[in-house]
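This report concerns only the one structure given below.
Counting convention: from 1, in listed order, for ligands and their atoms alike. What you see is a predicted model, and the numbers here were worked out from it, not measured in a lab.
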Amino acid sequence: MRTQVAIIGGGPSGLLLSQLLHVHGIDSVVLERKTRDYVLSRIRAGVLEVGLRTLMEEAGISDRMNREGIRHDGAMMSHGDEMFRIDFAGHTGTPVIVYGQTELTRDLYDAREAADGMIEFNVEDVGIHDADRDAPYVTYAVSGQSRRLDCDFVAGCDGFHGVSRRSIPEAARREYEKVYPFGWLGILSETAPVNHELIYSNSPRGFALCSMRNENLSRYYVQCRLDDHPDNWSDQDFWDELRRRIPQSAADDLVTGPSIEKSIAPLRSFVTEPMRWGRLFLCGDAAHIVPPTGAKGLNTAASDVHYLLNGLRQYYEEQDSEGIERYSERALARIWKAERFSWNFTAMMHRFPDQTPFDLKMQIAELEFLRSNEAAQKAMAENYVGLPY
Ligand code: RFL
Ligand code: PHB
């Protein structure tokens, strides 16, 4: 089999790239290790920046997002019983939209299917070959049968644990990593959200976040130990702990109910450089991870797709390699700023095991500065709604 772009991974990066390439007349094949249902069962990000929304529009699949996504003009920050608002729309003219990654991925799968896009599910043993030559190819197996996909380019959209990053020789890449000494325990419940905007809370018992998917579906998180397990938490334990970590006014309004999903995600900052090796390009979680505090994971994946799409279009439409040659440099320039924001916001909001009384005072001072300073609020708003591409 032959295609122009072989895409490893059918998560949001791979599907969005594939759909956008299709819109611009470039052919691709997506290879996904799991099934569609499995990919859609993963509960992840929920906040969409304007850049990602524009890409969804360009991909021709923004109708449901525009109809069902919830516009958020700001978000609440709290410490103790203090609570203040960051006005995203007021400071930047732009809101964020709350629309789950699951829904966005479903829209992308539907669009690929409607266009007869080629997606191979349940692929095993993916191998990327000759990416540093002119004619790369990908080998894989489906139901025990070996297959070969010849292509012009390979897009590595296979997440943090995929094969693409590891296909770049170690001597040719450099990795930067910070592992945080805690995780987030998240639950999804069919209850009305406690507030119409998100609440990010720094409490003496650890961080908490009140988020949502729609008016009857809430997403809540509490900071937890890395060695903790969701089975250690009954729903009642979770609600009790959440109540203790958010301001009293919010705790009083909290509507509780049975959880329909409960999971723990570790927190990590990670970047690999460069994001291109010959004709192999890394996109999204395959190249970088942010702690979820800044809601940047999915959004940084989208900016990679934007730079790669432009590079590939320039190559096919103008026979000019400049865009693909500078892909890594352009993508990384934006990634590092999102890494800084996510790291800084994480440091401001969480309890760290080795935090000294001085460190705690610094956190409070930072939050107080943010509460009282318009310029600091504007900087936060600009980062949160997404820096320009
Ligand atoms: P994904 O979503 O991990 O998709 C990669 C796809 O590649 C497939 N795959 C392979 N396919 C073929 N061959 C192989 N060898 C393969 N290896 C892997 C996988 O099955 C998968 O379908 O990466 P992508 O597309 O780059 O998208 C990135 C986003 O998913 C990610 O940045 C965010 O979801 C991160 N993230 C969150 N971001 C937020 O902004 N807010 C959140 O609340 C949030 N919560 C999360 C998260 C990531 C989590 N992970 C990775 C554990 C919660 C969790 C639990
Ligand atoms: C979510 O709704 O899952 C969510 C929202 C904001 C974040 C992280 C996660 O910063």
Exercise for the section: For the residue pair D27 and H22, confirm or rule out a side-chain donor-acceptor distance under 3.5 Å. Expected result: no
Problem - Co-members of L242 in a cluster of I, L, V, M, F, W and Y side chains, linked at under 4.5 Å - result: M76, M83, L185, I187, V194, I199, Y220, V222, W233, F238, W239, I246, L254, I264
Could you tell me which atoms of ligand 1, counted from 1 in the order shown, lie closer than 4.0 angstrom to a heavy atom of [X]?
| X | value |
| --- | --- |
| G162 | 17 (N) |
| G284 | 26 (O) |
| A295 | 40 (O) |
| K34 | 20 (O) |
| C157 | 5 (C), 6 (C), 7 (O) |
| G297 | 32 (O), 38 (N), 39 (C), 40 (O) |

Nearest non-hydrogen protein atom, [atom]:
| atom | value |
| --- | --- |
| atom 11 (N) of ligand 1 | R33 N, 3.2 Å |
| atom 30 (O) of ligand 1 | Q101 NE2, 2.8 Å |
| atom 8 (C) of ligand 1 | E32 OE1, 3.3 Å |
| atom 2 (O) of ligand 2 | S211 OG, 2.6 Å |
| atom 26 (O) of ligand 1 | S13 OG, 2.6 Å |
| atom 38 (N) of ligand 1 | A45 CB, 3.5 Å |
| atom 2 (O) of ligand 1 | R44 NH1, 2.9 Å |
| atom 43 (O) of ligand 1 | Y221 OH, 3.5 Å |
| atom 4 (O) of ligand 1 | G11 CA, 3.6 Å |

Under 4.0 Å, heavy atoms only, figure out whether ligand 1 is touched by the backbone of [X], its side chain, both or neither.
| X | answer |
| --- | --- |
| V126 | side chain |
| R42 | side chain |
| A286 | neither |
| V39 | side chain |
| L31 | backbone |

Got a donor-acceptor contact below 3.5 angstrom from the [X] side chain to the [Y] backbone?
| X | Y | value |
| --- | --- | --- |
| Q19 | A59 | yes |
| T346 | S342 | yes |
| R334 | L387 | yes |

Exercise for the section: Output yes when the distance from some N or O of ligand 2 to some N or O of T293 is under 3.5 Å, and no in every other case. Expected result: yes
Practice task
Report the residues that fulfil side chain to side chain donor-acceptor pair (under 3.5 Å) with Y307, sequence neighbours left out, ordered by chain and then residue number.
Solution key: none
Problem - Cation-pi geometry met for R279 and F153 (6.0 Å, 45°) - result: yes
Exercise for the section: Would you check whether E124 reaches within less than 4.0 Å of ligand 1, judged by its heavy atoms? Expected result: no
Handout entry: Min N/O separation D285 to ligand 1 under 3.5 Å
Key = yes
